[in-house]
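Encoded as structure tokens, the structure appears first; notes follow it.
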Amino acid sequence: MSIFDSFYKYDVGAWLFAILSGTLCYIVIRIGERLFFLIRTRRRVRHLNVNCSIQRDQSNYPCKLWIDFRNWTNMTLLMKIEGYKPAKNIRPDPKATRASSPDLLEIKFIENAPQQNSPPTLNVDSIIRHGENKSIWVPLDPGHSDEELEHALKIGKIGSIKAEILWFGDKPVFTRFRPKIKRG
């Protein structure tokens, strides 16, 4: 009995075809998912304004990039921040906390304190009603000069935020949000 007879007897060709076609289908589905989320990702959301500034102070993180979201969309939205990815030439503060992904920094919304003497609460997600402002800050390496950071902010090469937005309305809408951090 030759090897070809055993291939024919056990129908090995059909098994190989099934395995290869299943693998190919899996790859096509995964590529389709990636393209779907790439298409659904928005760099700009109409009437959701993003304003940025650099601040230095004498805190644990002396150099901060402040990012302020102003909601003028006429809808309440829930924004969940996945993290901040610094640009190639911008270094994060060495003490900064990393998110689950090694190239993302963990950043949080600063919520108002419930009482006057208590510290503000920090959340990874926040509800932003129409007309409200919410802020986050990103710790940057204090070794950067102010001119270097201002130039990177002006040309939009300081980094990007990875976020998800859910609009509340008659039909809730979900989208991924990757705004370009840039000084207008």
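- When the ring pair (Phe, Tyr, Trp, His ring centres under 6.0 Å) test is applied to H151, no partner is found at least two apart in sequence or on another chain.
- Side-chain contact between Y84 and I136 is absent, with no heavy-atom pair separated by less than 4.5 Å.
- Between F109 and M79 there is a side-chain heavy-atom pair separated by less than 4.5 Å.
- Going from atom OG of S126 over to atom NZ of K80 covers 13.5 Å, rounded to the nearest 0.5 Å.
- With D93 contributing its side chain and Y61 its backbone, the two residues share no donor-acceptor pair below 3.5 Å.
- Counting non-hydrogen atoms of other residues, nucleotides and ligands closer than 6.0 Å to NZ of K95 gives a total above 12.
- Judged as a salt bridge (Lys or Arg N to Asp or Glu O under 4.0 Å), the pairs with a partner in residues 19-32 (not counting sequence neighbours) are, in order, R30-E33.
- Here NE2 of H130 is found 11.0 Å from CG of L77. Values are rounded to the nearest 0.5 Å.
- Within the 4.5 Å cutoff, the side chain of L149 has heavy atoms near those of the R56 side chain.
- In this structure, S53 OG and I67 CD1 are separated by 9.5 Å, a value rounded to the nearest 0.5 Å.
- Of all the heavy atoms in L105 and P139, the pair that sits closest is CD1-O, 4.2 Å.
- The only option from I165, N133, T76, N71 that meets the side-chain contact (heavy atoms from CB on, under 4.5 Å) definition with I128 turns out to be N71.
- Atoms CD and CG, from E148 and L153 in turn, are 12.5 Å apart once rounded to the nearest 0.5 Å.
- Applying the salt bridge (charged side-chain N to carboxylate O under 4.0 Å, His left out) test to D125 and every residue at least two apart in sequence or in another chain returns nothing.
- The NE2 atom of H47 sits 7.5 Å away from atom CG of N74, with the distance rounded to the nearest 0.5 Å.
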Mind listing the side-chain donor-acceptor pairs of residues 18-29 below 3.5 Å, one per line with the distance, residues two or more places apart or on another chain?
residue, atom, partner, partner atom, Å
S21, OG, F17, O, 2.9
S21, OG, A18, O, 3.1
T23, OG1, I19, O, 2.9

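- Judged by distance alone, the side chain of T73 and the main-chain N or O of M75 form a donor-acceptor pair under 3.5 Å.
- Distance check, rounded to the nearest 0.5 Å: CD of E150 to CD1 of I155 gives 12.0 Å.
- Partners of E132 by salt bridge (charged side-chain N to carboxylate O under 4.0 Å, His left out), not counting sequence neighbours, listed by chain and number: R129.
- Residues I54 and I158 form a side-chain contact, since some pair of their non-hydrogen atoms from C-beta on lies under 4.5 Å apart.
- Partners of K162 under the salt bridge (charged side-chain N to carboxylate O under 4.0 Å, His left out) rule, at least two apart in sequence or in another chain, do not exist in this structure.
- Counting non-hydrogen atoms of other residues, nucleotides and ligands closer than 6.0 Å to CG of N60 gives a total of 12 or fewer.
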task = Before giving the answer on side-chain contact (heavy atoms from CB on, under 4.5 Å), spell out for I161 and F69 the whole-Å C-alpha distance, their side-chain angles and the decisive distance to 0.1 Å.
result = CA-CA 12 Å; I161 294 175; F69 296 98; 3.8 Å; yes
